[in-house]
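What follows is a short report on a single structure.
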Amino acid sequence: MVDILAIDGPSGSGKSTVAKRLASELGFNYLDTGATYRAFAYLAFYAADDLDDIEELLDLLDGFDLEYSDGKVYVNRKDVSEKIRSENISQVASKIAQIKELRSYLVRWQQEWVEFNGSSVVEGRDTTTVVFPNARLKIFLTADDKVRSLRRSLEINKDVDSVQKNILERDSRDSNRAESPLMVATNAVVLDSTNKQIDEIVEEILKLWKSSNP
Ligand code: DC
């Protein structure tokens with residue numbers, strides 16, 4: 001049986017760190033769905049003439065070979081794991097994530113990845129609402145936006161004010177978009193990481209996992 005623990009929430013809420021830790025504790029695979037949007041954004045950033053031309057962007061899917069293995073991301077066999085983390089690519093990813101047809105393509109890719117690889121901790125906006133609405137456990141992890149900005153600025157070594165501006169811009173676009181906006185799924189457990197250490201959150205989720213029904 002394929003068991004799925006899905007974690008949703010805004011950027012900087014600690015989703016990735018928590019999801020990686022949980023995957024290692026449970027002996028599960030780890031899938032960062034945001035990386036799949038970032039991977040396509042990377043291709044689009046370098047290959048598209050006009051990032052607002054949806055037809056042109058969708059045509060790029062024909063030459064898009066995406067691989068995700070051991071937490072590394074490959075686009076057309078090139079390791080782009082580091083490059084997709086830049087602020088440029090973050091903004092493009094949030095933009096292209098509004099395209100309905102691209103979302104369907106990536107959601108199918110994510111579902112097939114889990115089917116092929118087996119039990120997984122899957123992380124990203126819409127993983128609890130659209131990708132795996134029947135996951136055994138669904139978590140919505142959130143935190144105060146100042147704390148999220150501070151965490152991200154330490155991670156990417158940029159000043160907190162510009163990071164906060166970017167985070168608020170992305171939050172608003174991700175929450176207000178027509179297609180699969182960021183929201184709390186039915187039956188999801190909401191956890192606030194503002195005043196908590198990662199260890200505490202991981203412990204809390206492991207307890208919830210043990211008492212959840214397979
Ligand atoms: O989680 P992240 O910051 O790496 O995600 C990058 C962008 O991808 C984010 O702005 C929104 C989009 N995304 C999405 O729409 N659905 C997901 N399941 C994951 C990410």
Side-chain angles (χ1 to χ4, degrees), residues 4-20 23 29-45 51 54 57 61 64 66 68 71-73 75 80-114 120-133 135 138-143 145 147-156 158 162-185 188 193:
I4 299 167
L5 196 170
I7 307 186
D8 229 309
S11 51
S13 57
K15 295 193 298 289
S16 307
T17 318
V18 167
K20 274 184 215 154
N29 300 293
Y30 163 66
L31 176 62
D32 165 11
T33 60
T36 67
Y37 289 87
R38 287 172 179 273
F40 184 76
Y42 175 85
L43 179 77
F45 187 73
L51 286 170
I54 294 181
L57 293 175
L61 282 175
F64 180 52
L66 171 62
Y68 184 89
K72 293 235 180 255
V73 186
V75 171
V80 296
S81 316
E82 301 286 321
K83 293 194 170 76
I84 59 169
R85 300 290 154 196
S86 73
E87 247 344 291
N88 270 345
I89 300 298
S90 300
Q91 290 299 333
V92 178
S94 162
K95 216 172 149 175
I96 53 107
Q98 299 178 86
I99 305 172
K100 185 175 174 204
E101 295 83 350
L102 176 69
R103 299 199 68 82
S104 310
Y105 177 97
L106 291 176
V107 165
R108 206 171 334 111
W109 187 96
Q110 292 154 14
Q111 290 166 336
E112 284 171 3
W113 189 92
V114 169
S120 304
V121 177
V122 185
E123 167 243 311
R125 305 157 182 79
D126 93 339
T127 49
T128 59
T129 50
V130 177
V131 193
F132 295 109
K138 300 188 279 186
I139 302 287
F140 188 91
L141 192 59
T142 186
D145 68 76
V147 170
R148 291 192 285 123
S149 308
L150 185 63
R151 285 180 187 156
R152 180 110 181 99
S153 81
L154 291 171
E155 220 175 85
I156 62 172
K158 268 190 94 175
S162 75
V163 170
Q164 186 168 15
K165 187 172 160 277
N166 281 336
I167 277 194
L168 292 176
E169 226 173 87
R170 279 212 286 155
D171 278 359
S172 149
R173 195 156 47 209
D174 294 345
S175 307
N176 297 315
R177 70 187 179 204
E179 292 304 324
S180 316
L182 175 67
M183 60 184 209
V184 181
S193 71

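When a ligand or atom number is given, it counts from 1 through the structure's own listing order. Along the sequence shown, residues are numbered consecutively beginning with 1. None of these values were measured; they are calculated from a predicted model.
For the pair Arg152 and Asp171, the salt-bridge criterion is not met [side-chain N within less than 4.0 Å of a carboxylate O].
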Between the protein and ligand 1, which nitrogen or oxygen pairs come in under 3.5 Å, and how far apart is each?
from     : atom 1 : to     : atom 2 : distance (Å)
ligand 1 : 1 (O)  : Arg125 : NH1    : 2.9
ligand 1 : 3 (O)  : Arg38  : NH2    : 3.1
ligand 1 : 3 (O)  : Arg170 : NH1    : 3.0
ligand 1 : 4 (O)  : Arg38  : NE     : 2.7
ligand 1 : 4 (O)  : Arg38  : NH2    : 3.4
ligand 1 : 5 (O)  : Arg125 : NH1    : 3.3
ligand 1 : 10 (O) : Arg170 : NH1    : 3.3
ligand 1 : 10 (O) : Asp174 : OD2    : 3.1
ligand 1 : 15 (O) : Arg103 : NH1    : 2.8
ligand 1 : 15 (O) : Arg103 : NH2    : 3.3
ligand 1 : 15 (O) : Arg177 : NH1    : 2.8
ligand 1 : 15 (O) : Arg177 : NH2    : 3.1
ligand 1 : 16 (N) : Arg103 : NH2    : 3.2
ligand 1 : 16 (N) : Arg125 : O      : 3.0
ligand 1 : 18 (N) : Thr33  : OG1    : 2.9
ligand 1 : 18 (N) : Arg125 : O      : 2.4
ligand 1 : 18 (N) : Asp126 : OD1    : 2.9

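If you check the side chains of Arg38 and Ser90, you find a donor sitting under 3.5 Å from an acceptor.
Judged as a side-chain hydrogen bond (donor to acceptor under 3.5 Å, both in side chains), and not counting sequence neighbours, the contacts of Glu87 are Asn166. Not counting sequence neighbours, Ser11 has no partner by the side-chain hydrogen bond (donor to acceptor under 3.5 Å, both in side chains) test. In this structure Tyr105 satisfies the side-chain contact (heavy atoms from CB on, under 4.5 Å) test together with Leu61, Phe64, sequence neighbours excluded.
Between the Tyr37 side chain and the Leu106 main chain, no donor and acceptor come within less than 3.5 Å of each other.
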